[in-house]
Visitor: 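Here it is, the structure in full.
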Amino acid sequence: MSSQLPTPQDPPVFDRILRWSGIGWFSVVATGQLAFIVFILAFYGVRTAQLNFPGWNDKPLIDGHIAGDNAGNAVFAIHVLLASVMILCGLMQLIPRLRQRRPRLHRWTGRIYLTLAVVEALSGIWLTVVRGTYLSQISAVAILVDAILILGFAGLTWKNAVKRRFDRHRIWAMRTFMVASGVWFLRVGLMGWVLINQGPVGMNDTLSGPADIVLTFGAYLIPLAVLELYMAAGRLSNPALKLLTATILVLATAYTAIGVFGTVALMWGPYLT
């Protein structure tokens, strides 16, 4: 009887492990982002359709509606409501079968996604700098850094698509997805931390505690770093790197799943009843 050890002919096995770990992570993210879309439409969408603009403030922390601030209220509505369309188009961009079988739909949803990502970034900058919609100066800086990354990455995604450099286009599109999902990642990250620690350890109401600082910047920098590791593992014929990356993705998937559950159950669900 002989046992077979990994050999140079075995990388496809590690590639499959890496691929399925990525699919598992994306499945959890897609579920959580679809839940975010439902919340946006059910909470902000319904109140907006009913012209109940003060009702935006039924969810505490950030005042969406400020009496007399018509410009700010309009920008807030655009920022929040268009986020649901952007998120949906972003998810559609990352489905390979859709990209392969419906290339025209892929192109149009991609154009919409990048356009709305720019709108979201610019409106986020406006709300932060002009209106002062933030909880602390630290969180404001995190928002502005994220917005700058979104604008830069979206521009490079568009540029490579126009020049038909599709391999680089896909890489920048994935990077854009990570930073443009920062708002969602932040909520999931916060609630995951709270549930794992069974309390708001290192956190406060202004997002300026030590855990808050890590999570506000990490909401887009950590997913971006994991993406870079994932792409590097996919390019290199290094089984150890592939297994390490797959392990990190499994842990990230578990944390994300916990965060999604907490966000839906504690942050969104109570305001839809």
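Quick note: residue numbers are just sequence positions, from 1.
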Visitor: Shortest non-hydrogen contact from Leu186 to Thr216?
Guide: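 Scanning both residues completely, I find the closest heavy atoms to be CD1-CA, 3.8 Å.
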Visitor: Passes side chain to side chain contact (heavy atoms under 4.5 Å, CB included), Val29 versus Val188? Steps please.
Guide: CA-CA 10 Å; Val29 169; Val188 170; over 6 Å; no
Visitor: Measure the spacing between OH of Tyr44 and OH of Tyr271 and express it to the nearest 0.5 Å.
Guide: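 The distance works out to 10.0 Å.
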Visitor: Any non-hydrogen side-chain atom of Asp15 less than 4.5 Å from a side-chain atom of Lys242?
Guide: yes
Visitor: If hydrophobic clusters are built by linking Ile, Leu, Val, Met, Phe, Trp and Tyr wherever their side-chain heavy atoms come under 4.5 Å apart, do Phe39 and Leu34 end up in the same one?
Guide: yes
Visitor: Suppose the criterion is side chain to side chain donor-acceptor pair (under 3.5 Å): which pairs have a residue in residues 181-195, not counting sequence neighbours?
Guide: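 Pairs touching residues 181-195 that pass the test: Gln33-Ser181.
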Visitor: Tell me whether the count of non-hydrogen atoms from other residues, nucleotides or ligands lying under 6.0 Å of CZ in Phe217 goes above 12.
Guide: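 Atom CZ in Phe217 is crowded, with more than 12 foreign heavy atoms closer than 6.0 Å.
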Visitor: For Ala180 and Met86, which heavy atoms make the closest approach, and how far apart are they?
Guide: O-CE, 3.7 Å
Visitor: Assess whether side chain to side chain contact (heavy atoms under 4.5 Å, CB included) is satisfied between Leu207 and Tyr134, documenting all intermediate values.
Guide: CA-CA 9 Å; Leu207 288 182; Tyr134 55 82; over 6 Å; no
Visitor: Any sub-3.5 Å donor-acceptor pair from Asn73's side-chain atoms to Ala67's backbone N or O?
Guide: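 Between the backbone of Ala67 and the side chain of Asn73 there is no qualifying donor-acceptor contact (under 3.5 Å).
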Visitor: Under a 4.5 Å cut-off applied to non-hydrogen side-chain atoms, are Val118 and Ile150 in contact?
Guide: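 The answer is no, as the side chains (C-beta and beyond) never meet within the 4.5 Å cut-off.
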Visitor: Set out, in order, the CA-CA distance, both residues' side-chain angles and the distance that settles side chain to side chain contact (heavy atoms under 4.5 Å, CB included) for Trp268 and Val38, then state yes or no.
Guide: CA-CA 10 Å; Trp268 298 335; Val38 171; over 6 Å; no
Visitor: Is there a side-chain contact between Ile171 and Asp167, using heavy atoms and a 4.5 Å cut-off?
Guide: no
Visitor: To the nearest 0.5 Å, what is the distance between CZ (Phe185) and CE (Met178)?
Guide: 5.5 Å
Visitor: When you compare the side chain of Asp212 with that of Leu190, does any pair of heavy atoms fall below 4.5 Å?
Guide: yes
Visitor: Not counting sequence neighbours, which residues clear side-chain hydrogen bond (donor to acceptor under 3.5 Å, both in side chains) with Thr128? List them please.
Guide: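 Applying side-chain hydrogen bond (donor to acceptor under 3.5 Å, both in side chains) to Thr128 gives none.
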Visitor: Identify the two heavy atoms, one from Ser21 and one from Leu18, that lie closest to each other, and give their separation to 0.1 Å.
Guide: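 Heavy atoms of Ser21 and Leu18 come nearest at OG-O, 2.6 Å.
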Visitor: Name all residues meeting the ring pair (Phe, Tyr, Trp, His ring centres under 6.0 Å) criterion together with Trp126; count only those two or more places apart in sequence or in a different chain, and write none if there are none.
Guide: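 Partners of Trp126 by the ring pair (Phe, Tyr, Trp, His ring centres under 6.0 Å) criterion come out as none, since no residue qualifies.
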Visitor: Are the side chains of Phe36 and Thr263 in contact, using a 4.5 Å heavy-atom criterion?
Guide: no
Visitor: Under the salt bridge (Lys or Arg N to Asp or Glu O under 4.0 Å) definition, can you give me all pairs with a residue in residues 175-184, not counting sequence neighbours?
Guide: Arg175-Glu228
Visitor: Closer than 3.5 angstrom, by distance alone: can the side chain of Asn197 be matched with the main-chain N or O of Gly199 as a donor-acceptor pair?
Guide: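 Absent.
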Visitor: Ignoring hydrogens, what is the shortest heavy-atom contact between Leu91 and Phe26? Give both atom names and the distance.
Guide: O-CZ, 3.8 Å
Visitor: How would you list, by chain and number, every residue that makes a ring pair (Phe, Tyr, Trp, His ring centres under 6.0 Å) with Phe53, sequence neighbours excluded?
Guide: Trp56
Visitor: Could you list all the salt bridge (Lys or Arg N to Asp or Glu O under 4.0 Å) pairs where at least one residue sits in residues 127-142, not counting sequence neighbours?
Guide: Asp69-Arg131
Visitor: Leu151 and Leu122: side chain to side chain contact (heavy atoms under 4.5 Å, CB included), yes or no, with the steps?
Guide: CA-CA 8 Å; Leu151 293 173; Leu122 293 176; 4.0 Å; yes
Visitor: For a 4.5 angstrom cut-off between non-hydrogen side-chain atoms, does Arg170 reach Arg99?
Guide: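 Arg170 vs Arg99: side chains touch.
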Visitor: Indicate yes or no for a side-chain donor-acceptor contact from Tyr220 to the backbone of Ala142 under 3.5 Å, with no hydrogens or angles considered.
Guide: yes
Visitor: Can you tell me how far the CD1 atom of Ile87 sits from the CG atom of Leu82, to the nearest 0.5 Å?
Guide: 11.0 Å
Visitor: Using 0.5 Å steps for rounding, measure from the CH2 atom of Trp172 to the CG atom of Leu156.
Guide: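 Result: 5.0 Å between the selected atoms.
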Visitor: Group every Ile, Leu, Val, Met, Phe, Trp and Tyr by side-chain heavy-atom contacts under 4.5 Å, then state whether Leu241 and Leu251 land in the same group.
Guide: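 No: no chain of side-chain contacts under 4.5 Å links Leu241 to Leu251.
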Visitor: How close do Leu195 and Ile258 get, counting heavy atoms only, and between which atoms?
Guide: CD1-O, 3.6 Å
Visitor: Rounded to the nearest 0.5 Å, what separates atom CE in Met174 from atom CG in Leu224?
Guide: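 Met174 CE to Leu224 CG: 11.0 Å, rounded to 0.5 Å.
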Visitor: Report the distance from atom CG of Asp205 to atom OG of Ser136, rounding to the nearest 0.5 Å.
Guide: 11.0 Å
Visitor: Same hydrophobic cluster for Leu144 and Val183, using side-chain heavy-atom links shorter than 4.5 Å among ILVMFWY?
Guide: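 No.
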Visitor: Under 6.0 Å from the CZ atom of Arg111, do we count more than 12 heavy atoms belonging to anything else shown?
Guide: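 Buried by this count: over 12 neighbours within 6.0 Å.
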Visitor: Would you call the rings of Phe166 and His169 parallel, tilted or perpendicular, where under 30° means parallel and over 60° means perpendicular?
Guide: perpendicular
Visitor: If every non-hydrogen atom of Lys59 is compared with every non-hydrogen atom of Met267, which pair is closest and at what distance?
Guide: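 That closest heavy-atom pairing would be CE-O, 3.3 Å.
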Visitor: Under 4.5 Å between side-chain heavy atoms, counting indirect links through other Ile/Leu/Val/Met/Phe/Trp/Tyr residues: same cluster for Leu41 and Ile78 or not?
Guide: yes
Visitor: Strictly by modelled atom types, are Asn52 and Arg47 linked by a side-chain donor-acceptor pair under 3.5 Å?
Guide: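 Checked: Asn52/Arg47 side chains show no N/O donor-acceptor pair below 3.5 Å.
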Visitor: Would you say Leu116 and Trp108 are hydrophobically clustered, going by side-chain heavy atoms of ILVMFWY under 4.5 Å?
Guide: no
Visitor: Looking at Leu243, Leu249, Thr247, Val250, which hits side chain to side chain contact (heavy atoms under 4.5 Å, CB included) with Ile17?
Guide: Leu243
